[in-house]
Student: 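Here it is, the structure, as structure tokens.
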Number of protein chains: 2
Amino acid sequence: MTSYKELFAGKGLKNTKSRNLIYDILNETGLPMTAEQIFVRLKETNKSVNLSTVYRTVELFVEKGLVLKAIMAEDNKAMFEINHHEHKHYLVCLNCKEMIPVAGCPLDEYEKVLIDRMGFDVTGHKFEIYGYCKNCQKLNSEHKKEDF
Amino acid sequence: MTSYKELFAGKGLKNTKSRNLIYDILNETGLPMTAEQIFVRLKETNKSVNLSTVYRTVELFVEKGLVLKAIMAEDNKAMFEINHHEHKHYLVCLNCKEMIPVAGCPLDEYEKVLIDRMGFDVTGHKFEIYGYCKNCQKLNSEHKKEDF
DNA sequence: GTAACTGCAAACCTTTTGCAGCTTG
DNA sequence: CAAGCTGCAAAAGGTTTGCAGTTAC
């Protein structure tokens, strides 16, 4: 179990067992997880942390900028992932729900256009691409173009 | 009160008072609304429809492709809007929560690139731009660049 | 007439909160 | 030691469901 002493201290957070465990799980997994998933993962490894603590912790991490929060359409649950401070988007498979990260972002130019055209002060954006991953394409084929 | 007899019939739905009312509200408003908002709006005009009926109805509309559903980050509530079958995105003001529609979409090209590069079969995408609208820019100024 | 729809109340599920006890710096 | 964390249990808030009665076709 790693210790994130300095990392937490820098944000005015105490370095506790739960926080280390939760940050670890998010780090290892490398993908967005729900609070429940984090909770279950910890339970499996007999390093149980109370579910409310998980919620409080990830929310705190979000507040301090250590973690990013996103709410997935469909099953409206919040998902949390380590903030690597890189700009990243996901391909979300509609079948297996896997989230595949893609580097790069085609939107910066567009944001500038919007600022000019609409006088809207852009601070960020969210961009998710839905479809079917390679694996699921083999299995399924009766999907149609949808509107998002 | 308009009647959407043919529209509903085409989707195998019965033409009922509640459905007309709900579709009407969404049409008039022209912007995404929560089930609650629809419910309240109807109550105000003494055309009360039960909240569960609102939920059942909008969800049905979504299923039939008449309405689009989106879940707003922050307060994770589902929002519903008429599906005009046009590709549209929103500027979401982080202060007043207003959603300003923008026509056009810079992403089609990018989707093609992804298909080639990742073998991912894209069926759609969701794109929301966060920031501050003209009005709120005047009031606030202490906002920082955030990660989404 | 029958299948579909609605209202009502209760259940559900994710997330939040109050409080008492325990840790960390 | 004081402030901050955690567990527990209970509440909150959005959404769903079972059922009995009503309505549309």
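Numbered from 1 within each chain, the chains take letters A, B, ... in sequence-line order.
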Student: For a 4.5 angstrom cut-off between non-hydrogen side-chain atoms, does B:Ile22 reach B:Phe80?
Tutor: no

Student: Figure out the NZ/P separation between A:Lys17 and C:dC22, and round it to whole Å.
Tutor: 15 Å

Student: Between P on D:dG13 and NZ on B:Lys77, what's the gap in Å once rounded to a whole number?
Tutor: 10 Å

Student: Given that B:Phe80 and B:Asn15 both sit by DNA chain D, which one's nearest nucleotide is further toward the 5' end?
Tutor: B:Phe80

Student: Over how many whole Å does the gap from A:Phe8 atom CZ to C:dT23 atom P extend?
Tutor: 19 Å

Student: On DNA chain D, nearest-nucleotide positions of B:Ala35 versus B:Lys5: which is more 5'?
Tutor: B:Ala35

Student: Determine whether A:Tyr4 and A:Asp24 make a side-chain contact, defined as any pair of heavy atoms from C-beta on separated by less than 4.5 Å.
Tutor: yes

Student: Taking 4.0 Å as the cut-off, does a side-chain nitrogen or oxygen of B:Thr16 come that near to OP1 or OP2 on C:dT6?
Tutor: yes

Student: Atom NZ of A:Lys64 and atom C1' of D:dC5: how far apart are they, to the nearest Å?
Tutor: 14 Å

Student: Below the 4.0 Å mark, does C:dT6 have OP1 or OP2 next to a side-chain nitrogen or oxygen of B:Arg19?
Tutor: yes

Student: Search all heavy atoms of A:Glu81 against all heavy atoms of A:Pro32 and return the closest pair with its distance.
Tutor: CB-CA, 3.8 Å

Student: Donor-acceptor pairs are to be reported for all side-chain atoms of residues 53-66 of chain A against protein atoms at under 3.5 Å, with residues two or more places apart or in another chain.
Tutor:
unit_1, atom_1, unit_2, atom_2, d
A:Thr57, OG1, A:Thr53, O, 2.6
A:Glu59, OE1, A:Lys69, NZ, 3.4
A:Glu59, OE2, A:Lys69, NZ, 3.3

Student: Figure out the CG/C1' separation between B:Leu21 and C:dC5, and round it to whole Å.
Tutor: 14 Å

Student: From NZ of B:Lys47 over to P of C:dG7, roughly how many Å is that when rounded to an integer?
Tutor: 15 Å

Student: If I take atom NZ in residue B:Lys14 and atom C1' in nucleotide D:dT22, what distance separates them, rounded to the nearest angstrom?
Tutor: 10 Å

Student: Can you pull out the residues from residues 54-62 of chain B that lie within a 4.0 Å heavy-atom distance of DNA chain D?
Tutor: B:Tyr55, B:Arg56, B:Glu59

Student: Would you indicate, yes or no, if C:dT6 has its OP1 or OP2 atom less than 4.0 angstrom from a side-chain nitrogen or oxygen of B:Asn50?
Tutor: no

Student: Is any side-chain heavy atom of B:Lys14 closer than 4.5 Å to a side-chain heavy atom of B:Arg19?
Tutor: yes

Student: Please round to the nearest 0.5 Å and tell me the distance separating atom CG of A:Leu68 and atom NZ of A:Lys88.
Tutor: 8.5 Å

Student: Under 4.0 Å between a side-chain N or O of B:Ser18 and OP1 or OP2 of C:dT6?
Tutor: yes

Student: Can you check whether B:Ser52 has a side-chain N or O nearer than 4.0 Å to OP1 or OP2 of D:dT16?
Tutor: no

Student: Nearest-Å distance, CG (A:Leu51) to P (D:dC8)?
Tutor: 12 Å

Student: Once you measure the plane-to-plane angle for B:His89 and B:His125, does it fall in the parallel (<30°), tilted (30-60°) or perpendicular (>60°) bin?
Tutor: parallel

